[in-house]
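Notes for the one structure printed next.
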Amino acid sequence: WAYATADQHHPSLFAASSRVISDSLTQDPARWDIESRRQLHQWQLWLSLDRGAEEQQHLLSDSQRLLFREAMQMTVARPSGLQRSVSDALSAVRSGFQEEHLEPST
């Protein structure tokens with residue numbers, strides 16, 4: 001998620017990261033715990049949804065991305081204290097505000 005936060009374009013780092021991750025997953029997928037797979041899912045979403053066509057070349061294979069997506073789906077979302085505070089404030093000014101929205105395509 002650090003890439004998304006900084007919103008920096010660094011093609012050679014993306015290429016190297018994608019290659020190393022893909023090779024590692026091919027050799028031993030069990031070494032990637034659920035938290036790591038969740039973070040990789042977020043990185044892949046950022047590349048596919050926010051970075052545009054120029055970064056599509058750094059997406060991992062469909063089967064690898066599915067492994068990451070499944071890890072994300074197995075996780076129960078737990079709002080932070082800050083998220084709850086923001087939700088309370090928004091609920092006070094807008095009736096029917098939803099704190100969480102789970103996007104089925106992601």
Side-chain angles (χ1 to χ4, degrees):
W1 63 266
Y3 290 125
T5 302
D7 199 24
Q8 293 297 307
H9 179 70
H10 201 301
S12 59
L13 182 59
F14 293 160
S17 297
S18 294
R19 185 177 53 255
V20 168
I21 291 166
S22 181
D23 290 348
S24 174
L25 283 165
T26 300
Q27 293 171 10
D28 184 13
R31 74 184 283 190
W32 293 87
D33 65 14
I34 193 165
E35 179 61 27
S36 298
R37 288 179 286 156
R38 284 180 49 229
Q39 289 181 6
L40 287 168
H41 178 69
Q42 292 172 328
W43 176 55
Q44 291 289 283
L45 282 176
W46 176 69
L47 285 176
S48 67
L49 299 175
D50 292 343
R51 291 303 302 171
E54 66 197 33
E55 303 301 346
Q56 300 303 300
Q57 64 184 325
H58 304 302
L59 292 174
L60 299 172
S61 71
D62 288 344
S63 62
Q64 290 171 337
R65 289 195 326 265
L66 180 60
L67 181 70
F68 303 152
R69 182 177 182 203
E70 288 170 348
M72 183 63 82
Q73 289 173 335
M74 290 187 303
T75 304
V76 176
R78 291 186 179 90
S80 68
L82 176 59
Q83 183 177 345
R84 288 183 209 278
S85 295
V86 170
S87 176
D88 291 345
L90 291 174
S91 293
V93 296
R94 181 170 177 241
S95 178
F97 172 76
Q98 290 182 331
E99 183 175 349
E100 288 287 327
H101 173 76
L102 301 177
E103 174 57 46
S105 66
T106 60

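What you see is a predicted model, and the numbers here were worked out from it, not measured in a lab.
Here the straight-line distance linking atom OG of S61 with atom CG of L66 works out to 9.5 Å at 0.5 Å rounding. In this structure, the separation between CG on L59 and CG on L45 is 9.5 Å, given to the nearest 0.5 Å. Taking CZ from F68 and CD from Q64, the interatomic distance works out to 6.0 Å, rounded to the nearest 0.5 Å. The CG atom of D88 sits 10.5 Å away from the CD atom of Q83 when rounded to the nearest 0.5 Å. Expressed to the nearest 0.5 Å, how far CG of L40 lies from OG of S18 amounts to 9.5 Å. One distance of note links CD1 of I21 with CH2 of W32; it measures 5.0 Å at 0.5 Å rounding.
Without hydrogens or angle criteria, R65 side chain to L60 main chain gives a donor-acceptor distance under 3.5 Å. Side chain of S24 to main chain of V20: no donor-acceptor pair is present (N/O by atom type, distance under 3.5 Å, no hydrogens or angles).
H41 places none of its side-chain heavy atoms less than 4.5 Å from the side chain of E70.
I34 belongs to a hydrophobic cluster whose remaining members, ordered by chain and number, are M74; membership requires side-chain heavy atoms of ILVMFWY residues under 4.5 Å apart, directly or through intermediates.
Residues forming a salt bridge (charged side-chain N to carboxylate O under 4.0 Å, His left out) with D33 (at least two apart in sequence, or on another chain): none. Here R37 pairs with nothing under the side-chain hydrogen bond (donor to acceptor under 3.5 Å, both in side chains) rule; sequence neighbours left out.
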